[in-house]
Amino acid sequence: MAASDGLEDWAGYGFSEDLVRALFHGLRVGLYVVDQMGKILLVNPYAERLLDRPARQLIGVDPHDLLHRNADGSPIPREDCQILAAFAEGVYVRSEEAWFTRGSGDLVPVGVMAAPLPLGGKKDMGSVVLFYDLSRHKAVEHKQAAALAALEKLTDRLSLMAEISTVLASTLKVDEALRRLSRLVVPRLADWAMIDLLGPSGDGVNRVAVVVKQDRSGVECKQWEGPLPAFPGTSQVPMARVLRGGPAVLFGPEDLAEQIDPEEYSVQRRRPYEELGAHSVIVAPLRTPRRVLGALTLARYATSPVYDSADLSLIGDIASRAGLAVDNADMFEEQRRFASSTSHELRTPLAGLRARLEEAVLYPADVDPHVTIREALTVTDRLETIIDDLLVSARLRAGGPAAYEPIDVGALVAKEVAAMAGGVPVHVDAGRDVNVLGNRIQLIRVIDNLLVNARRHADERVEVTVARVEGSAVITVCDDGAGIESQDRERVFERFVRLDEGRSREPGGSGLGLAISRDIAHAHNGTLSIEDSTRGARFVLRLPLTDRRP
C-alpha cells in the first residue's frame, strides 16, 4: 500500500475511523511509539492512566530514563535494557516481567512487547511498545507464594510434632526423653532450650536438660544442669508463675531484663541467659490435667525471628505433650514400685496368718482356737486398713472430682485436736480467717495423719501452728522426738516406707498415711514437706488461701 494512500483506501483491510478511534481510546493495553532517536512520539490514554502521567509528560521523553526500573526501584544501566536493545537492532522483543515507575513514584509490574516500526525511510526506524498491567497477576503470585510458605511451615511443624510424639514415647526414662526433646527443638524452633522439673515435694527445681545450637544441631551443656534454689512464694518472674500453674508466657528484648529472675538469689538461674544471650523467650508449663511438672524454656538470638503468638501456641502444645509423657513415665515407675511394695506388704501378713491357721489345723490339741481367731482378726484388720488406704490413694492419684468449699483451717485443726483423747498433749496456735478452698473430709484426713504421726514420735509435747504466710495457709506440726534425718525426709512420703522407729512404735500401721497426705496436698494445689527443726520433726503443709469465707 502506497504511503500516499488515504484512510479510505484502508477499507479493504477492515479499517474505519470508528475502529481506529476504538483501538486508540478503548484498548486496555498501554501503548507508546518511539522515533529513531528513542523519544516518545505517541501514547494512548490507557498508558496515561497506567503510568499516572499525562501525555505531555511522556511525549518527547526518553522512556528508558523516565520509566524503566529494576524491581527494587533502582535505575537499569542502558546496556542491560532489553527494550533499548530492541530499539537499536530493530527486532521484536518480549519481556514477561518489567517494572515501570509511575507519576506517583511507586512501581508497577508490566509485561512488555516491542516491535520495530518503519516511520519513513530505511533509517527512520522507530518502535511500537505495548505493555500491560501485571499487578493483579503479581498479587495472585504473592498470595500463592504466601499460601505455599504457610503450607510448608505447617507441614514442617506437623512433622516436628510427629517426631516429638515418637521421641517422647520411645523411652520411659524421663531425663533421656527430655534431652531428646531438647535436641529436636534446637535449632528448628530455638537457638537454645532448657527444661526444669519440680521436685517430688513441689518446692525445689531440678534443671534436667540444656541444649544449645551449634552449626545445624544442638549440643548438651551439662554444666548448667542440676538442682536450683526454690522460688519464694511471692515471686512474679515468668518461671515462678508458670511453675505455679500459670499459662505459657512470651517476652521479647524490650522486657527481657526485667523478666529473667532479677532477684539476687537466682544468680545460678540467670547464668544461661547471661552467657548465651537471648532476644526472644517463651516459657511454657509441662502440664497435665492434674498437676504442673516443670517448665520448657526456648530462646532465640537477635539473628533469629522474634517469637509470635503462633509460636507460643505451638510451644505450649509441645510442652503439654512433654508433660503428659513425663507424667506417664512417673506413673509407670510408681505403679511398678507400688506393685512390688503392695505385694510385699500384703504377702507378709497373709503368710503369717496362713502359718497360724495351718498350725491350728495340724496341731489342734496344742493350739488354742480362740487365740488363733483373735490373731487372725488382728491380721485381717491390718489387711483391711491397707486395702482401704490403697483405695483412697488410687482415687487421689486418679484425680477424680471432689466437692470443694471454703474452710477455716485454723478452726478445723482446733476441732480435730480437741477430739483427741489421752496421749501426748497437743498445743495449738491458730490464726483467725486462714481460709482455703478444699475438700473437708480430705483435709481432716491430712491433719489427723500429721497429728497421729507427731504424737507417735513425740516425747512430751506436740506444737501446731496455723498462719497466713505470703499468700498461703501454712499448717506446721512439730514434735519433740528424735526427728527425721535429712536423707529420709522424702522417703517417708513414699508408699509403704516406714522408718525403724515408726515400725517399733506402731507395727500395725499401713505405711500409706504420709503418702496419702501428700497426695491430698497436691490435689489442693499445695505442698507437704519436712523442714529443719531444732528438735524433733517439723511437717509443713502449705495450701493456697481463698478470699471466700466459710
Side-chain angles (χ1 to χ4, degrees), residues 149-150 152-171 173-197 205-226 228 237-239 242 248-257 259-261 266-286 294-323 325-326:
E152 289 176 347
K153 186 176 182 180
L154 177 61
T155 302
D156 182 63
R157 292 195 167 186
L158 288 174
S159 173
L160 176 63
M161 295 303 290
E163 290 181 56
I164 286 172
S165 298
T166 301
V167 162
L168 293 175
S170 64
T171 177
K173 296 179 180 179
V174 172
D175 290 2
E176 178 59 26
L178 295 179
R179 287 193 180 94
R180 293 181 187 178
L181 170 64
S182 301
R183 291 196 295 269
L184 265 182
V185 298
V186 176
R188 293 170 71 172
L189 290 178
D191 292 317
W192 58 268
M194 63 186 182
I195 298 179
D196 299 327
L197 292 182
V205 177
N206 187 38
R207 183 157 291 161
V208 297
V210 180
V211 174
V212 179
K213 176 182 176 181
Q214 189 174 90
D215 298 327
R216 295 187 178 181
S217 62
V219 295
E220 295 179 16
C221 297
K222 294 186 177 295
Q223 68 269 28
W224 290 318
E225 295 179 8
L228 298 172
V237 297
M239 179 69 76
V242 166
V249 293
L250 182 160
F251 42 95
E254 65 280 352
D255 53 3
L256 197 60
Q259 297 283 2
I260 303 299
D261 290 9
S266 58
V267 173
Q268 184 180 358
R269 205 183 300 279
R270 291 197 305 267
R271 279 184 58 205
Y273 296 92
E274 294 172 348
E275 298 191 24
L276 294 174
H279 190 68
S280 180
V281 175
I282 288 178
V283 182
L286 304 181
L296 168 66
T297 302
L298 300 187
R300 284 177 175 171
Y301 303 139
T303 53
S304 299
V306 174
Y307 285 121
D308 57 21
S309 57
D311 295 315
L312 183 68
S313 176
L314 173 67
I315 292 167
D317 187 22
I318 291 172
S320 295
R321 289 170 184 256
V326 171

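Because only heavy atoms are used, hydrogens play no part in the values below, and waters and symmetry mates are left out as well, while side chains stay in.
Looking at every heavy atom in both residues, I195 comes nearest to S182 through CD1-OG, 3.4 Å. When every heavy atom of W224 is checked against every heavy atom of E275, the shortest pair comes out as CZ2-OE1, 3.3 Å. Across every non-hydrogen atom of G226 and N206, the tightest pair is C-OD1, 3.0 Å. Among all heavy-atom pairs drawn from S309 and L250, the shortest one is N-CD1, 4.5 Å. Minimum heavy-atom separation, A322 to L178: CB-CD2, 4.4 Å. Residues V186 and D191 come closest through the heavy atom pair CG1-O, 3.8 Å.
The line from CD1 of I282 to CG of L312 is 5.0 Å long, rounded to the nearest 0.5 Å.
Here the side chains of R179 and E225 are in contact, with some heavy-atom distance below 4.5 Å. At least one side-chain heavy atom of T297 sits under 4.5 Å from a side-chain heavy atom of V281. Taking the side chain as every heavy atom from C-beta outward, L189 and L314 approach each other to under 4.5 Å. The shortest distance between side-chain heavy atoms of I318 and L181 falls below 4.5 Å.
Within the 3.5 Å criterion, the main-chain N or O of G277 finds a donor-acceptor partner in the side chain of W192.
For residues 297-308, every residue pair satisfying the salt bridge (charged side-chain N to carboxylate O under 4.0 Å, His left out) rule, not counting sequence neighbours, is listed here: R300-D311.
Other residues, nucleotides and ligands contribute only 12 or fewer heavy atoms inside 6.0 Å of the CD atom of Q214.
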